Amino acid sequence: MPTLSLPLSNLLRNKEGFRRLVAHYKSLHTDSGSWLFSSSTPCFTSSREARFGLLSRRKGPVAPLSARNMCTCSSDDKTSWLWSIYNETKQKTQDLIPVISNNFVNPDTIFANNQMSLQDIEIYGFDYDYTLAFYSSHLHTLIFNIARDILIEEHRYPEGLREYDYIPNFVIRGLHYDVQKALLMKIDAFHYIQLGTVYRGLNPVPEKEVIAMYEGSHVPLEIMSDFYGKSSHGHTMKQFMDIFSLPEMTLLSCVNDYFMKHNIDYEPVHLYKDVKEVIGNVHVRGIMYRAVEADIEKYIRYGEQTHAVLRKLSKNGKKMFLITNSPFDFVDRGMNYIVGKDWRDLFDVVIVQADKPSFFNDRRKPFRRVTDKGVLLWDRIHHLEKGQIYKQGNLYEFLRLTGWRGSKVLYFGDHIYSDLADLTLKHGWRTGAIIPELREEIKIMNTEEYVHTMTWLQALTGLLEQMQVHRDSASQTVLQQWIEEREDMRLRTKDIFNAQFGSLFRTYHNPTYFSRRLSRFADIYMASLSCLLNYDFQHTFYPRRTPLQHESPIWPEQTSTTGSKIPLHSHRTSSV
């Protein structure tokens, strides 16, 4: 998968950036990779620089310090020598910040996990919710309130739960929930829990307690969720991949919090199932749909330029289809608002209440035609006609009736499992993930605070790796201070994204479980469909050849690269 790393490739997009980067590396390393530092560097005292600190990213294994550079002096001299290296490194990497700051990521970029050319795409497919239609935060509050009230009124949960309101930004997508232990947590791509991101109710669980419960921080494969993130067949972990799951996670946390505060003995498994059921009822009973239709301007955000994207595709002769789990009335009302009353003229096929992901696997459900008044017809479907509405069905029948197979089809959705996994693994369609959170995370990564903190964090990590060969007590005292500083910066960079769980894409130095699935199941990903407006239909998306751990961070083909006229370079920046 593409590595989320400091944008070294962007530093190489202009000659000046490359010159400064090479000069910096030469000043830090000899030809053999050993460190060369002056011991006379003055101490670093600027409050601004002390707050952020700066340093370049070092990638891959580093040669050990050469004997001629090993300080064998007294403890006091050794301490002074290490701090001089520290200060000089900080100073040198500060010089790189203007270059980095001039190469921020454009939030409207389309990022590539796999090479794909739009020239090859003839058919475009779409999910509806959080793909064609984007919702305001009011919708999450609505879902939370309705589900909370159903718990109280129909499941006889304590009336005191009405004191809890929806908490925006408490949780992020992609978290795991241990159903039996009632713990919400963030897990990385290697099944390790990110300590400090484990919550019981609304409160963090101490690291020592987490380690004791799991006998470490690794979650064994046998208790992880299944392929689609569901908790079944003995699995005890549920992964929340849907944006609609944010109210569900928040409600679970609030109810757990209430029970613990009031010393109520409860069964966590029952709580999870009850909350899952009431959240489902908000959708199944149509409560959410009716509320959105009644006040569509409050709940649907119009500014994602969906109409412009669809009209651009239509103008260029592309075929389009819609496959959604939402009912027709709800989709029709939303699309009338977003695109216009003629929205159905843009689509060659419209399928509602498809029951994804079963739609992609279950061959048994045939299509049924739906009238404009919602009446289901009984006749056999021999053709999928433009202008008609179809319900249920399955992908195998869809492929037979349309002939739309293979890599000429590109399907967009927001749910990594339900929308994209089967299409890329079983059917060879190209896939595009819509990740609304991406735009805000990129804006955060473009801030001065993040650039300064992350650059110095990576540099300090490299410094620690180099200097750990000094095992004497004086050196170890200095190194311990550096370790503590590094840990403090890691926590601060996590908090920049989300105080409880950090970034959607990274757990400190590793990708998240969510990020790994995104890279596996999506050829491209972007913040919204509006990003397509920045590209013509001859454009090819190339994944960046980011270095593996054993490879040099500077690729020869990048050294001659000049700035592109398209301000949409898909470099990656570390986050937590």
Side-chain angles (χ1 to χ4, degrees), residues 123-133 135 228 242 244 279-294 296 300 306 310 319-405 409 411-415 417-423 426-427 429 431 434:
I123 304 112
Y124 287 76
F126 305 92
D127 182 31
Y128 176 69
D129 296 302
Y130 287 106
T131 300
L132 294 174
Y135 299 98
Y228 292 106
D242 192 350
F244 281 129
I279 289 289
N281 285 339
V282 175
H283 297 269
V284 173
R285 296 180 185 178
I287 303 171
M288 183 195 79
Y289 301 132
R290 290 192 295 272
V292 172
E293 291 178 46
I296 202 162
I300 292 185
T306 296
L310 296 178
K319 295 184 180 297
M320 289 182 283
F321 64 93
L322 172 65
I323 302 178
T324 176
N325 286 348
S326 295
F328 173 68
D329 289 345
F330 179 71
V331 174
D332 185 52
R333 182 81 172 89
M335 291 296 283
N336 282 338
Y337 176 71
I338 297 169
V339 179
K341 293 183 178 181
D342 63 341
W343 71 269
R344 287 165 62 179
D345 296 337
L346 299 172
F347 290 89
D348 295 271
V349 178
V350 176
I351 300 168
V352 299
Q353 294 178 276
D355 192 27
K356 295 179 293 181
S358 295
F359 179 87
F360 300 125
N361 299 291
D362 191 343
R363 298 171 182 261
R364 294 172 297 177
K365 295 180 181 179
F367 286 107
R368 296 194 70 173
R369 193 157 65 88
V370 185
T371 68
D372 290 347
K373 295 183 179 180
V375 177
L376 290 173
L377 302 182
W378 50 265
D379 53 314
R380 183 187 294 272
I381 303 300
H382 296 284
H383 305 283
L384 295 176
E385 301 175 13
K386 185 171 183 176
Q388 301 297 323
I389 305 299
Y390 300 93
K391 178 182 177 182
Q392 292 183 343
N394 65 82
L395 184 65
Y396 298 93
E397 187 70 3
F398 179 88
L399 296 176
R400 185 184 70 82
L401 295 173
T402 63
W404 294 345
R405 299 176 182 275
V409 185
Y411 185 79
F412 292 96
D414 69 290
H415 199 299
Y417 295 143
S418 296
D419 288 326
L420 308 181
D422 285 315
L423 293 178
K426 298 180 181 179
H427 302 287
W429 285 9
T431 52
I434 304 299

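Since we're looking at a predicted model, the values are computed, not measured.
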| said: Suppose the criterion is side chain to side chain donor-acceptor pair (under 3.5 Å): which pairs have a residue in residues 347-358, not counting sequence neighbours? | reply: Asp127-Lys356, Asp355-Lys365, Lys356-Tyr411, Lys356-Asp419
| task | For the pair Ile323 and Tyr390, evaluate side chain to side chain contact (heavy atoms under 4.5 Å, CB included) and give the outcome as yes or no after the intermediate values. | result | CA-CA 9 Å; Ile323 302 178; Tyr390 300 93; over 6 Å; no
| field | Residues Phe359, Thr324; criterion side chain to side chain contact (heavy atoms under 4.5 Å, CB included); working and verdict | value | CA-CA 10 Å; Phe359 179 87; Thr324 176; over 6 Å; no
| message | Is the distance from the ring center of Phe321 to that of Phe398 below 6.0 Å? | response | yes
| task | Considering non-hydrogen atoms only, spot the tightest contact between Asn394 and Arg363 and give its length. | result | ND2-O, 3.2 Å
| Do Gln392 and Val370 touch side chain to side chain, with heavy atoms closer than 4.5 Å? | no
| field | Non-neighbouring partners of Tyr289 that pass ring pair (Phe, Tyr, Trp, His ring centres under 6.0 Å), sequence neighbours left out | value | Phe330
| said: When you compare the side chain of Ile351 with that of Lys391, does any pair of heavy atoms fall below 4.5 Å? | reply: no
| message | Please tell me whether Phe244 and His283 form a close aromatic pair, meaning their ring centres lie under 6.0 Å apart. | response | yes
| Do Leu322 and Val331 come within less than 4.5 Å of each other through their side chains, counting heavy atoms only? | yes
| Validation row: Arg344, Asp372 side chains within 4.5 angstrom (heavy atoms) | yes
| query | Quick one: CZ on Phe360 to CG on Asp362, what's the gap to the nearest 0.5 Å? | reply | 12.5 Å
Please tabulate, one pair per line, all N/O donor-acceptor pairs under 3.5 Å involving side-chain atoms of residues 379-388, not counting sequence neighbours.
from, atom 1, to, atom 2, distance (Å)
Lys386, NZ, Asp345, O, 3.0
Gln388, OE1, Arg369, NH1, 2.7

| Pairwise side-chain contact, Ile300 with Val292, heavy-atom cut-off 4.5 Å (strictly under) | yes
| field | Phe412: ring pair (Phe, Tyr, Trp, His ring centres under 6.0 Å) partners, not counting sequence neighbours | value | Phe126
| message | Filter on salt bridge (Lys or Arg N to Asp or Glu O under 4.0 Å), then keep only pairs touching residues 322-334, sequence neighbours left out; what's left? | response | none
| query | Taking atom types as modelled, is there a side-chain donor on Tyr135 or Asp129 under 3.5 Å from an acceptor on the other? | reply | yes
| task | Please tell me if the side chains of Leu132 and Ile338 come closer than 4.5 Å, counting only heavy atoms from C-beta onward. | result | no
| task | Compare all side-chain heavy atoms of Leu395 with those of Trp429 and state whether any distance is below 4.5 angstrom. | result | yes
| task | With sequence neighbours left out, write down each residue that passes salt bridge (charged side-chain N to carboxylate O under 4.0 Å, His left out) with Arg290, or none if nothing qualifies. | result | none
